[in-house]
Amino acid sequence: RSLGSWDSPTWYLDGAVHVADGATLTIEPGVTLKMGTENAGIIVDGTLLAVAPVDNPIVFTSVDDDCVGTPADTRSDAWNRAPCPGDWNSLSFRPGSTGSRLDGCVIRFGGSGRRGAVAATGTDVPIANSLFEYNLAALGSQGLDLELVHDKRDLGLSNVAFLNNVADMVVHIGGTLTRDAVLRDVPGLDPVFVLDRDLIIPFGTHLEIQPGVDIYAVSAGIDVYGSL
């Protein structure tokens, strides 16, 4: 079943929209989605298609972003509030979601909770011809295998720009290593690793952390039984 197409110039979200498994949400070129709370966003178990030409992009942004939308001053507060990084949550693609695509999108002021304005867990979401700017965290991933990532193309990114984000990419780590692993930089993205649950390195397993890698621990640590 489909949730249908959004082709109104500006939509306001004050919470999370859920695209269920088997459903497809298509967002038409020129649409602006303004998010009104830190929990606002789109949770995708099915398919999200947001494809537009670069001269008529789809915009995901804060309700306080008065530079876009019809009307631009969505709150009708005479431009008294300035948008901030992390004003809204994310486009969250969950395991099992398939066929999603972001092309010709502008994504601004998202990423509350440092989960990423676009967050994918266990699924691939191609992103092309798009701009991430002023996000608390632009991209987010859980359990990303960085040993398979040598540049942005390995992440499914094509002609994607990152400007003025607090973090271009956040990778959440934790749990038990099942094999040797390396935490390293991704050229052009400088990922931040967030340790939000204990990371266990078992006997016989090795974790290498390369120079320049940033790790932020949130009430968690690293238990080393193997080698670090």
Side-chain angles (χ1 to χ4, degrees), residues 3 13 16-27 33 35 38-52 58-61 85-86 88-133 135-162 165-175 181 183-197 216 218:
L3 293 181
L13 275 65
V17 170
H18 181 215
V19 183
D21 183 17
T24 297
L25 174 61
T26 301
I27 304 176
L33 285 85
M35 319 293 184
E38 289 186 353
N39 295 320
I42 301 177
I43 299 171
V44 183
D45 286 311
T47 301
L48 174 63
L49 297 175
V51 179
I58 296 165
V59 180
F60 302 88
T61 190
W88 58 280
N89 196 347
S90 70
L91 310 179
S92 179
F93 299 88
R94 302 205 291 200
S97 64
T98 59
S100 294
R101 182 181 167 204
L102 303 177
D103 192 334
C105 296
V106 176
I107 301 168
R108 313 176 70 188
F109 302 108
S112 67
R114 294 187 182 274
R115 291 281 171 183
V118 173
T121 303
T123 187
D124 295 324
V125 181
I127 306 174
N129 307 309
S130 295
L131 170 65
F132 290 82
E133 60 180 355
N135 297 285
L136 188 60
L139 295 177
S141 180
Q142 183 82 37
L144 176 67
D145 188 351
L146 280 184
E147 293 183 73
L148 301 178
V149 176
H150 298 281
D151 59 36
K152 292 190 286 187
R153 291 173 298 178
D154 294 325
L155 293 169
L157 306 178
S158 175
N159 193 30
V160 176
F162 297 85
N165 301 290
V166 177
D168 289 340
M169 183 177 181
V170 172
V171 180
H172 292 264
I173 57 175
L183 298 185
R184 67 183 179 194
D185 196 6
V186 177
L189 281 178
D190 298 325
V192 172
F193 295 89
V194 176
L195 186 66
D196 52 8
R197 55 197 175 109
Y216 293 88
V218 182

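Model, not experiment: these values are computed from the prediction.
- Looking at Arg115 and Asp196, their side chains come closer than 4.5 Å, going by heavy atoms from C-beta outward.
- Across all their heavy atoms, Asn89 and Glu38 have their closest contact at CB-O, 3.2 Å.
- Atom CD1 of Ile127 and atom CG of Asn159 lie 12.5 Å apart (nearest 0.5 Å).
- In this structure, Tyr216 and Val170 have side chains that are not in contact, with every pair of non-hydrogen atoms separated by 4.5 Å or more.
- In this structure a side-chain-to-backbone donor-acceptor pair under 3.5 Å is present from Ser130 to Ala128.
- Among all heavy-atom pairs drawn from Phe109 and Asn135, the shortest one is N-OD1, 3.2 Å.
- At a threshold of 4.5 Å between non-hydrogen side-chain atoms, the residues Leu48 and Leu102 count as touching.
- Contact annotation: the side chain of Val118 never approaches that of Phe60 to less than 4.5 Å [non-hydrogen atoms, C-beta and beyond].
- Across every non-hydrogen atom of Val19 and Thr47, the tightest pair is CG1-O, 3.6 Å.
- Smallest separation of non-hydrogen atoms from Ser97 and Gly46: CB-O, 3.3 Å.
- Residues forming a side chain to side chain donor-acceptor pair (under 3.5 Å) with Thr61 (at least two apart in sequence, or on another chain): Asp65.
- Of all heavy-atom pairs between Arg108 and Trp88, the closest is O-NE1, 2.7 Å.
- Rounded to the nearest 0.5 Å, atoms CZ (Phe132) and CG (Asp168) are 9.5 Å apart.
- Every side chain to side chain donor-acceptor pair (under 3.5 Å) that Asp103 has, sequence neighbours left out, goes to Arg101, Asn129.
- Contact of the Leu33 side chain with the Ile42 side chain is registered, since non-hydrogen atoms from C-beta on lie closer than 4.5 Å.
- A distance of 6.0 Å separates CD1 of Ile43 from OG of Ser92, quoted to the nearest 0.5 Å.
- Here Ser90 contributes atom OG and Leu136 contributes atom CG; the two are 12.0 Å apart, rounded to the nearest 0.5 Å.
- Side chains of Phe162 and Leu157 form a contact here, defined as non-hydrogen atoms less than 4.5 Å apart.
- Note that the CG atom of Leu25 and the CD1 atom of Ile27 stand 5.0 Å from one another [nearest 0.5 Å].
- The CG atom of Leu49 sits 6.5 Å away from atom OG of Ser100, with the distance rounded to the nearest 0.5 Å.
- Nearest heavy atom pair, residue Ala117 against residue Ile107, reads CB-CG2, 3.7 Å.
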